[in-house]
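Here is the structure we will look at, set down as structure tokens.
Values in this document were obtained by computation on a predicted structure and should not be read as measured data. We count ligands from 1, going down the list as the structure has it; atoms in each ligand are counted the same way. Scope of the values below: all heavy atoms of this structure, side chains included, with no hydrogens, waters or symmetry mates.
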Amino acid sequence: MPAGAQATSVGRSPLPASLLTRLAAVVGRDALVDSPEALLVYECDGYTLERGAPDLVVLPRSPEQVAAVVRVLAADGVAFVPRGAGTGLSGGTLPVAAPVMICTSRLQTIESIDLRNRRVVAQAGVVNLWITRQVQAAGLLYAPDPSSQGACTIGGNVAENSGGPHTLKYGVTTNHVLGVELVLPTGEVVQLGGAVEERPGYDLTGLVVGSEGTFGIVTRATLRLSRAPEAYRTLLAVFDTIDAASEAVSGIIAAGIVPAALEMMDRLILQAVEAAFHAGLPLDAGAVLLVELDGAAVGLEPLAEQVRAVCARHGAREVRVAADDAERALLWKCRKRAFGAVGRLAPNYCTQDGVVPRTRVPDIVRAITATAERHRLRIGNVFHAGDGNIHPIVLFDERDADEVQRVLAAGREILEACIALGGSVTGEHGIGVEKIAQMPLLFSPEDLLAMTRVRAVFDPEGRANPHKIFPDAKVCVETRAPRRQAAL
Ligand SMILES: Cc1cc2nc3c(=O)[nH]c(=O)nc-3n(C[C@H](O)[C@H](O)[C@H](O)COP(=O)(O)OP(=O)(O)OC[C@H]3O[C@@H](n4cnc5c(N)ncnc54)[C@H](O)[C@@H]3O)c2cc1C
């Protein structure tokens, strides 16, 4: 285990002797992973700061097998952690006091596609992008588009209520999930919501979306499809300062324009991205905005003109429009793969995920700049500016102990600044284990108690993904050192 990473086997009892045999009877021996070497694959997700392998990974092939596995675990009171593709960025799949990991990545069937009613029923292990690929010939798409959409699964998206660049206009996962099938920690299976839009009773689907695996395991989801826009205009606005670019973000929204996406990259990120993808990005710019407009072709040109005018008013020195699909794709490649490109800049980096009201984007950017100066750190910014969802990337070298401490302090200060500006400590990556300590900054003890009571309705014994989201006296997962981390 790398220096600074935390072990998480604390609180675990040894597995009952006959468990392996009983689980093998359900899923087959080849769907169980228990060798120490193979288990290393599962010791962390995209949040690599804390690590710990489970004792056993189960890879069921169907929703029915998931339920049967959970029933076997329930009989022995064994805790479990759900896992999809493991791209999560807040340590949600870390097996803290949960010896068994149930991985839904083999549940890969898109079970039904109803083009006329724009509905899809997908199993939990279906990869996000597969859905759009299945329906795009019919002019439809699945709107939530996390940058990890080529790898992350619907089960993980539902658990994290994931967002993406185009969720500014189209909404996050919760706006596109009509129903889920949930295996409760007892092994009972409940159908929540469904293909019909409005249902009487509590919105339990809404409750499950974003519950980070603490209510049980999602095995199927009914998803809403959206009509693909007729046309796009993708603009790249170039600014001398990040301050001017963030003022332009507020200006665009204040003008009543809701772009499909409104993303920002600052100079540090531009340099990394240009070195990786050679898109002709301006290396001397303070920041660029990537603004995507979509809809009926006839309305886009005047809208693009309006955006151009707002950007010019806020000091844009150039506004470029992607000439064709190839140029649009290249700009999006730069944006969606920016985090990979950042690996060129420093031995390590650590990504923060916070959110502020979008009118406060200029303030949070100033706060990040001041934090970077105060702690003598390089911080790059690439974020969903239109949503106020920031992803400052703090560069460092983990061999420099003093710098590591400054990175941790900077991360805390940035999140505290988000809260002070009326925002929150996560825009889309969830709480997991990473941000448990910040929860009391956002919520009162009464708020937290209310939420843990709701959790207890689904999982009274606390066996589904224990010790996640909420501060918990029993297990303290403490962050000692940030590590290299890919993110949004
Ligand atoms: C390069 C990169 C870019 C990213 N970009 C974005 C982005 O733009 N927007 C964004 O929101 N996120 C982004 N992420 C984060 C991540 O991809 C999302 O959180 C994603 O939804 C996780 O899906 P997964 O299948 O990998 O889930 P995992 O990482 O396996 O699990 C995530 C959480 O969901 C729970 N879980 C998984 N499957 C189930 C299930 N079937 N039932 C119940 N609980 C379950 C797990 O217990 C865990 O708590 C990015 C990550 C990377 C590495």
Next item on the list: Pick one of side chain, backbone, both or neither for how E160 approaches ligand 1, counting any non-hydrogen atom pair under 4.0 Å.
Entry: side chain
Check: Does V81 reach ligand 1 with a nitrogen or oxygen that is under 3.5 Å from one of the ligand's nitrogen or oxygen atoms?
Finding: no
Next item on the list: State whether the number of non-hydrogen atoms from other residues, nucleotides or ligands found under 6.0 Å of R199 atom CZ is greater than 12.
Entry: yes
Next item on the list: Any chance you could lay out the side chain to side chain donor-acceptor pair (under 3.5 Å) test for Y142 and N157, step after step, and finish with the verdict?
Entry: CA-CA 12 Å; Y142 178 58; N157 292 176; 5.3 Å; no
Next item on the list: May I ask which of H166, E428, R220 has a heavy atom nearer to atom 10 (C) of ligand 1 than the others do?
Entry: E428
Next item on the list: Report, in ascending order of atom number, the atoms of ligand 1 lying under 4.0 Å from any heavy atom of G213.
Entry: 43 (C), 44 (N)
Notebook entry, point to check: What is the minimum heavy-atom distance between R118 and R227, and which atoms define it?
Noted result: NH2-NE, 3.2 Å
Check: Is any N or O atom of D45, backbone or side chain, closer than 3.5 Å to an N or O atom of ligand 1?
Finding: no
Notebook entry, point to check: Could you walk me through whether E188 and T186 pass the side chain to side chain donor-acceptor pair (under 3.5 Å) check?
Noted result: CA-CA 6 Å; E188 292 160 280; T186 53; 2.5 Å; yes
Notebook entry, point to check: Can you tell me if E428 and S162 form a side-chain donor-acceptor pair at under 3.5 Å?
Noted result: no
Check: With atoms numbered from 1 as shown, which atoms in ligand 1 lie under 4.0 angstrom from a non-hydrogen atom of G216?
Finding: 43 (C)
Next item on the list: Just jot down the ligand 1 atoms closer than 4.0 angstrom to any heavy atom of S162, in number order.
Entry: 11 (O), 18 (C), 19 (O), 20 (C), 21 (O)
Check: Do T426 and D353 get their side chains close enough for a donor-acceptor pair, meaning under 3.5 Å?
Finding: yes
Checklist line | Check: L395 and I379 side chains under 4.5 Å, non-hydrogen atoms | finding: no
Next item on the list: Heavy-atom contacts with N157 under 4.0 Å: which atoms of ligand 1 show up? List them by number with element.
Entry: 20 (C), 21 (O)
Next item on the list: Enumerate the atoms of ligand 1 whose separation from the nearest heavy atom of A124 is less than 4.0 angstrom.
Entry: 41 (N)
Next item on the list: For the residue pair H384 and H391, categorise the inter-ring angle as parallel (less than 30°), tilted (30 to 60°) or perpendicular (more than 60°).
Entry: perpendicular
Note to self: Check contact between G46 and ligand 1, using heavy atoms of the residue and a distance below 4.0 angstrom.
What the structure shows: no
Check: Should the pair D76-R463 be classified as a salt bridge under the 4.0 Å nitrogen-to-oxygen rule?
Finding: no
Checklist line | Per atom 42 (N) of ligand 1, closest listed option by heavy atom (V218, V127, T219) | finding: V218
Next item on the list: Find all atoms of ligand 1 within a distance of less than 4.0 Å from any non-hydrogen atom belonging to E212, and give their numbers and elements.
Entry: 49 (O)
Note to self: Pairs of nitrogen or oxygen atoms closer than 3.5 Å, one from T104 and one from ligand 1: do any exist?
What the structure shows: yes
Note to self: Using a 4.0 Å cut-off to any heavy atom of A159, which atoms of ligand 1 qualify?
What the structure shows: 34 (O), 35 (C), 36 (N), 44 (N), 45 (C)
Margin query: Given E292, which partner from the list R335, R233, R328, K169 fulfils the salt bridge (Lys or Arg N to Asp or Glu O under 4.0 Å) test?
Written below: R328
Margin query: Below a 4.0 angstrom heavy-atom separation, can you tell me which part of N465, side chain or backbone, both or neither, approaches ligand 1?
Written below: side chain
Margin query: Considering both backbone and side-chain atoms of C152, is one of its nitrogen or oxygen atoms within less than 3.5 Å of a nitrogen or oxygen in ligand 1?
Written below: no
Checklist line | For G92, atoms of ligand 1 separated by under 4.0 Å from a heavy atom | finding: 47 (O), 48 (C), 49 (O)
Item checked: Test item, G427 contacting ligand 1 (heavy atom, 4.0 angstrom) -> no
Notebook entry, point to check: Under 3.5 Å, N or O to N or O, is T93 touching ligand 1 that way?
Noted result: no
Notebook entry, point to check: Taking only residues two or more places apart in sequence or in another chain, which ones pass side chain to side chain contact (heavy atoms under 4.5 Å, CB included) with L449?
Noted result: T452, R453
Note to self: Considering C103, S90, G430, G86 one by one, which has a heavy atom nearer to atom 28 (P) of ligand 1 than any of the others?
What the structure shows: G86
Notebook entry, point to check: Any nitrogen or oxygen of P146, main chain or side chain, under 3.5 Å from a nitrogen or oxygen of ligand 1?
Noted result: no
Next item on the list: Give the contacting part of K468 toward ligand 1: side chain, backbone, both or neither, where contact means a heavy-atom distance below 4.0 Å.
Entry: neither
Next item on the list: Examine I217 against ligand 1 and note whether any of their N/O atoms are separated by less than 3.5 Å.
Entry: no
Margin query: Assess whether a salt bridge exists between D145 and K336, defined as any Lys/Arg side-chain N lying under 4.0 Å from an Asp/Glu carboxylate O.
Written below: yes
Check: What heavy-atom pair brings P259 and I253 nearest, and what distance separates the two atoms?
Finding: CD-CD1, 4.4 Å
Margin query: I'd like to know if E212 pairs up with K435 as an ion pair, taking the criterion as any Lys NZ or Arg NE/NH1/NH2 lying under 4.0 Å from an Asp or Glu carboxylate oxygen.
Written below: no
